[in-house]
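Single-structure report; data block below.
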Amino acid sequence: MARNTRRMKTLAALAALTATGLALAGCTPGGSDEGGDGQTLKLWHYESEDSAMGKAWAEAIKIFEEETGAKVEFEEKSFEQIQKTASQVLDTDAAPDLMEFNKGNATAGFLASTGLISDISDAVDEYGWADKLAPSLQTTAKYSEDGVMGGDAWYGVPNYGEFVGVYYNKDAFAAAGLAIPTTYDEFVDVLDAFVAKGITPLAEAGAEYPLGQLWYQLALMKGDRGFVDDYQLYKDPVDWQGPEITAASETLKEYVDKGYIASDVSSIKAEDAGVSFINGSSPIFVSGSWWYGRFVNEATGFDWTMTAFPGADLSLGSSGNLWVVPENAANKELAYKFIDITMRPEIQAIIGNNGGLPVAADPADITDPKSSELIETFNGILDQDGLSFYPDWPAPGFYDVIVQELQGLITGSQDVETTDENLGKAYDEGTADFR
């Protein structure tokens with residue numbers, strides 16, 4: 001029923017589309033007459049040609065054309081183009097055969113629930129892709145009929161990943177006579193030691209995502225996979241006054257009170273936090289692997305490293321975006337062959353040696369030392385099924401709520417109990433349709 005209702009709404013929206021709207025995707029109704037010949041793969045993705053994925057997929061196109069004799073008709077799209085026009089174009093014969101699309105309930109999940117992308121479970125079985133993906137990577141590729149991730153059917157395949165860990169300025173640690181922490185207690189000791197030397201240790205940003213991600217990581221320190229399933233997949237109600245969330249909010253407030261985080265953090269943005277690590281003014285930064293390549297290029301004035309959050313069994317992170325096959329794709333078998341090529345070790349190695357996080361690379365193929373360090377950390381998280389997604393994912397608009405409520409907490413305008421109550425109310429309202 002949910003699938004039919006949502007598809008009816010989508011089709012109603014399609015009926016109201018103008019030719020201008022469709023033109024954003026470079027097509028008109030009935031514009032594709034080339035599909036179905038088994039000789040042309042129509043491919044859309046939005047990775048830049050000099051990115052890790054862009055380089056890897058360009059090589060995959062060459063291999064695909066050599067091995068199949070088919071041609072790839074690649075159309076470069078921006079992220080915004082695909083996000084804004086996918087639900088419109090995919091219900092026409094202008095749909096591509098294969099497309100990169102964002103993971104999550106509101107994106108790939110929505111397309112799955114409305115029948116606009118294909119259930120590719122049979123192809124996953126045929127090619128053995130599940131064997132190459134850790135369970136937590138599979139979660140973002142599988143959806144229920146209502147579009148909730150973690151379902152039984154495969155609607156996409158990722159071939160790269162991402163995670164949140166801790167960046168350390170090794171030179172600053174050496175100057176302070178400190179070692180990189182391996183346990184949470186050691187981490188706190190390090191924070192205290194820097195504060196005692198008059199240094200604010202943590203680069204943070206309360207005006208954007210980093211502070212919320214730290215808050216969720218602190219909750220994960222008290223949680224387990226059951227907590228993650230309840231929070232992210234709506235398995236059971238989340239206790240917003242329970243030990244995980246209470247500890248996260250209390251600890252975050254302590255971080256500010258003890259000087260681990262700057263007192264003006266509520267007005268700081270992610271870019272500012274990242275730059276404070278790059279310029280050496282902050283010796284520690286809790287954030288994502290998406291900064292890694294930039295730090296390699298810009299944080300060149302000191303030696304640094306990145307690890308998983310010390311003492312954590314669970315870490316923020318997920319698969320990267322997904323290859324999805326539109327239901328109206330004319331050459332699905334070619335799409336599956338291309339996906340399979342992108343999962344090969346040689347293509348995965350290109351991702352890994354250019355600052356990306358491959359999901360199925362042979363470690364021996366990663367020749368860049370800094371990339372190898374990053375991938376080793378990521379693989380360690382995967383080995384213990386530690387990826388736990390992001391705090392704002394469960395409900396539409398929850399990102400803004402988290403930012404606002406945590407700003408209230410760290411500025412002292414509201415206490416822990418009020419903060420958690422407000423977060424819980426917004427979460428419950430935003431997830432009501434999924435539970």
Side-chain angles (χ1 to χ4, degrees), residues 41 43-68 70 72 74 76 98-100 103 123-124 126-138 140-141 156-165 288-297 304-308 315 317-324 334-387:
L41 174 71
L43 171 67
W44 292 359
H45 73 68
Y46 44 78
E47 304 296 336
S48 63
E49 63 180 3
D50 60 350
S51 69
M53 279 66 71
K55 292 177 180 178
W57 298 346
E59 181 63 23
I61 288 174
K62 294 179 183 177
I63 294 173
F64 173 87
E65 291 185 336
E66 290 173 359
E67 292 187 356
T68 66
V72 175
F74 169 57
E76 184 176 355
L98 182 64
M99 178 177 73
E100 179 187 10
K103 71 278 185 183
V124 171
E126 179 183 351
Y127 286 95
W129 296 326
D131 296 336
K132 299 182 178 182
L133 297 169
S136 50
L137 291 174
Q138 295 184 23
T140 53
V157 175
N159 68 5
Y160 68 100
E162 61 188 36
F163 75 100
V164 171
S289 54
W290 48 87
W291 287 94
Y292 203 88
R294 180 174 176 185
F295 288 170
V296 167
N297 292 326
W304 58 270
T305 190
M306 183 195 190
T307 73
S315 299
S318 73
S319 75
N321 293 326
L322 307 175
W323 287 127
V324 301
L334 290 181
Y336 303 147
K337 290 177 182 178
F338 186 84
I339 293 172
D340 193 55
I341 290 172
T342 68
M343 299 295 281
R344 291 182 184 178
E346 61 267 34
I347 301 301
Q348 291 282 293
I350 296 174
I351 293 175
N353 282 313
N354 286 278
L357 277 173
V359 296
D362 183 339
D365 293 336
I366 308 303
T367 57
D368 177 70
K370 209 67 179 173
S371 296
S372 181
E373 179 183 272
L374 175 67
I375 293 167
E376 183 179 353
T377 301
F378 182 59
N379 287 344
I381 294 172
L382 293 181
D383 287 345
Q384 59 186 21
D385 189 28
L387 290 183

[X] atom [atom1], over 12 foreign heavy atoms within 6.0 Å:
X   : atom1 : answer
E76 : CD    : no
E49 : CD    : no
E65 : CD    : yes

Provide the closest heavy-atom pair for [X] versus [Y] in the form atom of the first, atom of the second, distance.
X    : Y    : answer
F163 : W290 : O-CZ3, 4.4 Å
A308 : S315 : CB-OG, 4.4 Å
L387 : E162 : CD2-O, 3.9 Å
A361 : I366 : CB-CD1, 4.3 Å
L374 : S289 : CD1-CB, 4.1 Å

Compare all side-chain heavy atoms of L41 with those of F74 and state whether any distance is below 4.5 angstrom.
->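 Side-chain contact under 4.5 Å: no.
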Any side-chain heavy atom of V359 sitting closer than 4.5 Å to one from K132?
->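 Side-chain contact under 4.5 Å: no.
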Assess the side chains of T140 and S319: does a donor N or O sit below 3.5 Å from an acceptor N or O?
->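 Yes, S319 and T140 have a side-chain donor paired with an acceptor closer than 3.5 Å.
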Just by distance, with hydrogens left out, do S371 and N353 show a side-chain donor and acceptor under 3.5 Å apart?
->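 Looking only at side-chain atoms, N353 and S371 do not form any donor-acceptor pair under 3.5 Å.
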Is a side-chain donor or acceptor of [X] paired with a backbone partner of [Y] at a separation under 3.5 angstrom?
X    : Y    : value
Y160 : N321 : yes
Q138 : A130 : yes
Q348 : T342 : yes

Testing I63, N159, T68 for side chain to side chain contact (heavy atoms under 4.5 Å, CB included) with I341, which one passes?
->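 Answer to the side chain to side chain contact (heavy atoms under 4.5 Å, CB included) test with I341 among I63, N159, T68: I63.
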Pick from F64, F338, W323: which one makes a ring pair (Phe, Tyr, Trp, His ring centres under 6.0 Å) with W57?
->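 Looking at F64, F338, W323, the match for W57 under the ring pair (Phe, Tyr, Trp, His ring centres under 6.0 Å) is W323.
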